[in-house]
Structure formats: structure tokens, C-alpha cells
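Below is the structure I would like to discuss, written out as C-alpha cells.
Just so it is clear, the model here is predicted, and its values are computed rather than measured.
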Amino acid sequence: MESLTPQQRANPVNTVRSQILEACNKATVFEPGIFSLTVPTGGGKTLSAMSFALGHAERHGLRRVIVVIPYTSIIEQNADIYRQALGAENVLEHHSNLDPIKQSERQGEEQTARQELAAENWDAPVIVTTTVQFFESLFSNQPARCRKLHNIAGSVIILDEVQSLPPDYLISILEALNELTAHYGCSVVLSTATPPALAFREGFPWGLKNNRAIAPEGLEIQTRLKRVVYEWPASLAASLDWPELAAEITPLSQALVVVHRREDARILARLLTEHADPESVFHLSALMCPAHRSEVLIQVRSRLASGAECRLVSTQLVEAGVDLDFPVVYRALAGLDSLVQAAGRCNREGKLETGRVCIFRSVSMPPQGTPQRALEVTQSLLAEQGENLDIDDPAIFESYFSRLYFTRNLDSRNIQPLRQDFSFASVAGAFKLIEDGFSCPVVVPYQCASEAVQRLRVLGPDRARFRALQPYTVSIYPQAMQKLSQAGALEVIEGVNVLNAHYGHLYDKRFGLVIGDNPSADSESLIV
């Protein structure tokens with residue numbers, strides 16, 4: 001893959017990115033095994049990791065590169081980057097949000113058909129998939145999922161944002177990665193800005209063995225890519241309510257605010273539209289369908305580039321890998337890894353001397369489970385170190401993740417005993433990163449959704465027509481789905497729940513399907 005041009009190198013951030021790329025290219029000579037690429041957000045990990053993987057595969061006779069990404073919100077963005085660099089015919093996306101209609105327009109009918117076949121068994125040079133798809137396939141007993149397993153052998157596997165691996169399944173995941181490298185000819189690249197404590201060590205026998213760093217310490221990456229200053233809350237006991245936060249944000253011409261919950265994002269965005277130009281206020285959450293979120297990101301990037309006023313309120317979905325560059329970012333106090341990810345949207349290109357990342361104590365709590373425990377660990381570190389807590393020091397994350405893992409059952413579903421008993425069906429049933437029935441998909445009336453629904457209605461079901469609906473699908477809680485169904489707001493077409501025309505007003509042009517978050521709060525809107 002090509003190095004940066006002399007003009008690009010003139011930017012200090014791009015100079016470091018170029019050196020990281022060169023380090024990745026030099027590291028391809030290492031024998032296959034486990035590697036870590038620890039680079040701050042905005043350091044060019046996406047292309048640098050791929051450059052290492054391709055060079056490493058060529059040198060050692062490995063067959064393909066599999067990129068494993070935790071969030072569907074960024075998978076299409078990264079796949080597009082790879083297609084531009086490597087050619088569309090060499091890159092296969094395999095995830096739930098794949099849109100075959102858009103894909104055929106972009107790549108042509110013949111190429112799309114070929115990739116549909118390749119998706120069955122991952123028979124392509126570069127695979128871009130999700131954490132759910134990859135690991136659930138490894139632990140599955142279903143023929144459709146297992147059909148691809150032989151093509152994982154002899155691959156370079158890039159685990160992007162590796163710090164997001166779910167703690168409740170961590171022992172099984174780490175054992176699988178050790179097996180893939182020890183017995184199946186794979187190399188694994190742990191790509192992250194916040195390295196989790198996954199190494200084999202005393203007291204952690206399941207850890208990854210013989211992990212080698214790709215980027216040498218002599219590059220001083222952390223120091224040279226430091227582009228923000230963190231402003232910590234004056235008191236961990238006092239929270240900042242939404243009107244106070246809105247008053248702080250309103251005078252800022254460009255700012256990103258990341259909050260814990262979807263309801264938080266709606267409340268704050270509404271307050272900002274009352275005090276600032278409504279056209280300058282944007283909102284992102286998972287209650288907006290993927291096509292809607294993509295459109296908002298296009299508008300936000302355009303306003304940021306032109307210098308126009310732009311205030312974006314979002315849940316955590318904006319943090320990992322979404323390419324945004326704000327001068328100021330506000331983040332609700334959370335796990336250290338989440339704070340760093342949010343900071344990656346601040347002064348990303350180094351155009352300012354320093355950007356501001358303002359941490360505030362929210363009136364709400366993060367979702368239960370790992371997010372709440374991560375907040376507790378951060379609070380304990382802050383209580384010990386106060387403003388001296390150096391979040392830019394990678395060593396702090398060894399302490400952070402060790403504490404996070406120490407208090408969790410890293411095999412909470414008892415998968416390891418089931419594996420030892422060769423209970424394959426039980427293992428497959430227990431290894432569910434997204435629980436069946438936890439959320440329910442519903443197709444919403446956004447952009448071309450009605451055309452995709454009509455094709456399904458008239459022509460009947462097939463894989464392409466189901467996938468064509470994914471960009472217009474929102475996952476909501478079962479209680480909200482039940483309320484919509486009882487009100488007659490849903491039409492079921494070939495097993496797909498579709499918000500019918502009489503209830504199209506439930507999908508808000510700014511906030512998405514609000515009733516999916518808190519059905520009781522919007523009961524009056526179910527009356528037509």
C-alpha cells in the first residue's frame with residue numbers, strides 16, 4: 001500500500017501516520033503469531049494494520065485477511081476504505097446491514113452476485129465482518145455458519161477495537177485465538193488505542209501468548225499524537241443536569257456531546273434546538289436506521305469542513321472509528337476506554353494546537369453490565385489519582401482492564417465446561433453475543449424503504465430482498481414491539497415487521513423511532 005505524499009507528510013499527524021505505516025511494513029517479516037498494534041485514535045490504524053496483514057500474508061503464504069469489527073455502524077466505512085485501496089472485487093463485507101441494492105449500483109450486478117456466493121464461505125482475499133459473526137461462527141454447530149470455518153485457517157485476523165471484546169465470554173474467545181495461532185496457521189493482530197490486559201501472565205492463564213508489538217516504542221506515538229487536553233469534573237459527586245450542559249454547549253460553534261443513553265441524547269438535542277439554530281443541531285442514536293445515521297454523518301462532516309455551526313449529540317455509537325473532527329468534545333464520565341474513543345473525534349487531524357475534551361458527570365447512569373462496571377473502575381482510579389490520572393499513558397489501561405476483568409466472571413455462561421464435554425449444541429446455544437429476543441427489528445419509513453418493502457411484498461422473499469431492508473431497520477425492545485403490534489402499527493410481510501403507513505409519524509426525522517426506547521412515554525402517538 002502506498003506511503004503518504006510529501007504534502008501529506010508536512011502535517012505532523014500525517015508524519016506520525018506515515019511512520020506507523022512504515023513500522024507495520026517492516027514487521028511483516030515476523031513469524032506468524034499474535035501481534036499488537038497500539039496506536040492512538042486518528043493514528044491511521046485502519047490502513048496500517050491492513051498493510052501489515054497483506055505483507056505478512058504474502059511473505060508467509062497465508063491465504064486471506066479477515067477484519068473483525070465490533071460495530072456495524074463503522075463496518076461499511078472501513079470496507080469502503082479497503083475497496084478504494086484494494087479494488088471492490090477483492091473485498092467482501094459480511095454483516096447484517098449489507099445493502100445488496102446499493103452494492104449492485106456501486107459494483108455491478110455480476111460482482112454483487114459473486115460476492116453473495118463468497119459470503120457463504122468467506123472465499124475472498126479480504127473479509128470484513130463483525131465480532132458477532134466471527135466468534136459466533138467459531139462456536140457454532142450450524143452448517144450455514146460452519147461452512148466458512150475452513151477458510152479462517154491460514155488467515156491474518158485483524159481484531160479492530162479489541163478492547164470491546166465482551167468480558168463475559170473472554171476466556172472462550174482468548175482460548176480460540178490461542179488455538180487459531182498455535183494449530184491453524186493464523187496470525188492475529190490486536191488493533192486498539194486502549195490496549196486491554198489480555199496477555200498471558202500469572203493469575204491470568206487464559207491470556208494470549210507471545211504477543212509482539214508492531215510499532216516500536218522509539219516512535220513515541222502517544223506523545224507525538226497527543227492532540228487534546230482532558231478537563232475532568234471538579235467533583236465526582238456533583239452531576240451536570242441537561243439545561244446546564246445545554247447552556248455550556250450553546251455558545252460553542254462546533255461541539256460533539258456523547259451521552260450514556262438514547263433518552264439522554266433526545267433530551268439534550270431538544271434543549272439545544274431551543275437555544276441554538278435548530279439547523280445546526282444534529283442527533284445520532286441506534287433508534288435511527290443505518291441509512292438515516294449515514295445521512296446525518298454526511299451533513300455533519302460537510303458543516304465541519306465548511307466551518308458552519310455544528311452541534312452533534314450522540315450515544316456511544318459515534319465513538320469507535322467514526323471519522324469526525326470536532327474542536328470540542330463533551331463526554332459523560334464512563335470507562336477510560338470510552339473516554340479515549342470519544343477524544344478520538346476531537347482535533348483528529350491535528351489542525352488545532354490542542355482540542356478540548358470535557359468530561360462531565362451525567363445525571364443518568366450507563367447501561368447495566370460492563371458499561372456501569374467500567375464507570376466504577378474509572379471513578380476508583382480518579383479517586384486515587386485525581387487530575388494526575390494520565391489517560392494518554394497506555395500503562396494506565398493495564399490497571400484499568402485488570403480491575404475490570406478481576407470483578408467479572410469471564411465465563412459467565414459456563415461455555416468452557418460445555419466445550420470440555422464436547423457438548424457442541426449447548427456451546428452454540430450459550431455463545432450468543434447478542435441474545436435472541438433481546439431486541440426486535442422493525443422496518444421504518446425512511447428514504448427508499450417503501451420501495452424495498454414493495455419488492456418483498458410483490459416478488460417474495462430471498463436473501464437480496466431481506467438484506468435490502470437492513471439499511472431501514474431499527475432494533476427495539478420487545479416491550480415496544482408488543483405495544484406497536486397491539487396498536488395495529490405493524491404489518492408483517494414474509495416474517496418482516498414493517499411500520500405501516502398509518503403510523504409513519506412515529507419515525508421522527510431527527511430522533512428516529514422514539515417509541516422503541518420508552519414505549520410508555522409515547523403512548524398517545526399510537527392513536528391515529
Side-chain angles (χ1 to χ4, degrees), residues 11 13 41-42 71 73-74 76-77 80 227-231 240 242-332 334 338-360 362 446-447 508-512 514:
N11 182 320
V13 172
T41 52
Y71 310 109
S73 58
I74 61 171
E76 186 171 310
Q77 167 189 284
D80 280 339
R227 305 183 301 280
V228 304
V229 293
Y230 291 89
E231 299 178 8
L240 192 64
W242 303 125
E244 291 174 319
L245 183 56
E248 279 195 33
I249 300 299
T250 299
L252 303 174
S253 62
Q254 294 186 340
L256 165 65
V257 188
V258 182
V259 295
H260 292 314
R261 297 178 177 272
R262 297 177 291 197
E263 185 178 7
D264 299 346
R266 288 198 302 274
I267 292 171
L268 182 58
R270 285 193 178 111
L271 285 170
L272 286 174
T273 59
E274 295 172 3
H275 297 92
D277 178 5
E279 295 297 317
S280 74
V281 178
F282 298 88
H283 164 277
L284 282 175
S285 85
L287 287 176
M288 301 159 64
C289 66
H292 191 174
R293 298 199 302 263
S294 296
E295 182 62 30
V296 168
L297 286 172
I298 289 171
Q299 295 177 49
V300 167
R301 291 187 182 112
S302 175
R303 294 182 75 93
L304 289 175
S306 67
E309 289 190 3
C310 182
R311 302 167 183 90
L312 172 61
V313 185
S314 176
T315 57
Q316 301 95 309
L317 66 82
V318 78
E319 289 180 339
V322 178
D323 189 7
L324 295 173
D325 189 0
F326 281 87
V328 181
V329 170
Y330 276 69
R331 180 51 165 104
S338 295
L339 302 184
V340 170
Q341 290 294 336
R345 309 320 118 199
C346 183
N347 196 24
R348 188 176 181 86
E349 298 301 322
K351 297 175 182 177
L352 305 173
E353 184 173 346
T354 55
R356 292 174 57 217
V357 178
C358 306
I359 312 300
F360 65 95
S362 173
Y446 187 81
Q447 288 183 342
D508 186 84
K509 65 180 181 180
R510 187 185 295 274
F511 300 115
V514 178

### Query
In a check of side-chain contact (heavy atoms from CB on, under 4.5 Å) between Ser314 and each of Leu284, Val322, Leu324, which one passes?
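Of the listed options, the one satisfying the test is Leu284.
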#### Entry: Qualifying residues under side-chain hydrogen bond (donor to acceptor under 3.5 Å, both in side chains), relative to Arg311, sequence neighbours excluded
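With neighbours one apart ignored, the set is Ser280, Glu309.
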### Message
If you compare all heavy atoms of Val357 against all heavy atoms of Ala343, which two are closest, and at what distance to 0.1 Å?
### Response
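The pair with the smallest heavy-atom distance is CG2-CB, 3.8 Å.
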### Message
Under the rule for ring pair (Phe, Tyr, Trp, His ring centres under 6.0 Å), what residues qualify as partners of His283, not counting sequence neighbours?
### Response
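Expected list: Phe511.
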### Task
Could you tell me the separation between the CD1 atom of Ile359 and the OG atom of Ser338, rounded to the nearest 0.5 Å?
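Rounded to the nearest 0.5 Å, the CD1-OG separation comes to 10.5 Å.
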### Query
Just by distance, do the side chain of Arg510 and the backbone of Arg270 share a donor-acceptor pair under 3.5 Å?
no
### Any donor-acceptor N/O pair, Arg331 side chain to Gln341 backbone, under 3.5 Å
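Judged by distance alone, no pair lies under 3.5 Å.
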### Message
Given 3.5 Å as the limit, does a donor-acceptor pair link the side chain of Arg348 with the main chain of Phe326, or not?
### Response
no
### Task
Go through the steps for Leu252 and Tyr330 under the test side-chain contact (heavy atoms from CB on, under 4.5 Å), then give the verdict.
CA-CA 11 Å; Leu252 303 174; Tyr330 276 69; 3.9 Å; yes
#### Entry: Nearest atoms (heavy-atom pairs only) where Ala246 meets Leu271
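Distance-wise, the nearest heavy atoms are CB-CB, 3.9 Å.
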### Query
Do you know the tightest heavy-atom contact between Val329 and Cys346?
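That would be CG2-CB, 3.5 Å.
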### Message
For the CG atom of Leu317 and the CZ atom of Arg262, what is their distance to the nearest 0.5 Å?
### Response
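The distance works out to 10.0 Å.
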### Between Glu295 and Tyr446, a side-chain donor and acceptor under 3.5 Å
no
### Task
Can you measure from CG (Leu312) to CD (Gln299) and round to the nearest 0.5 angstrom?
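So the gap between those two atoms works out to 11.0 Å.
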### Short side-chain to backbone donor-acceptor contact, Ser302 and Ile298, under 3.5 Å
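Not at all, since once roles are kept as given, no pair shorter than 3.5 Å links the two residues.
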### Main-chain N/O of Val328 paired to Gln254 side chain as donor or acceptor, under 3.5 Å
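Such a contact is absent between Gln254 side chain and Val328 backbone.
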### Summary
CD1 of Ile267 to CG of Leu245, rounded to nearest 0.5 Å, is 11.5 Å
### Task
Please assess Arg227 against Leu352 for the test side-chain contact (heavy atoms from CB on, under 4.5 Å), listing each intermediate value before the final yes or no.
CA-CA 8 Å; Arg227 305 183 301 280; Leu352 305 173; over 6 Å; no
### Message
Closer than 3.5 angstrom, by distance alone: can the side chain of Asp325 be matched with the main-chain N or O of Glu349 as a donor-acceptor pair?
### Response
yes
### Task
Over all heavy atoms of both residues, which pair between Ser285 and Arg293 is shortest? Give the atoms and the distance, please.
O-CD, 3.4 Å
### Task
Determine, stepwise, if the pair Trp242 / Asp264 fulfils side-chain contact (heavy atoms from CB on, under 4.5 Å).
CA-CA 8 Å; Trp242 303 125; Asp264 299 346; 3.4 Å; yes
### Query
Ignoring hydrogens and geometry, is there a side-chain-to-backbone donor-acceptor pair from Asn347 to Val228 under 3.5 Å?
no
#### Entry: Which atom of Val13 lies closest to which atom of Gly350, heavy atoms considered
CG2-CA, 3.8 Å
### Query
Of all heavy-atom pairs between Val259 and Gln316, which one has the smallest distance, and what is that distance?
O-OE1, 3.4 Å
### Query
Mind checking what makes side chain to side chain contact (heavy atoms under 4.5 Å, CB included) contact with Thr250, not counting sequence neighbours?
Leu272, His275, Ala276
#### Entry: Stepwise side-chain contact (heavy atoms from CB on, under 4.5 Å) check, Thr41 with Glu319
CA-CA 10 Å; Thr41 52; Glu319 289 180 339; over 6 Å; no
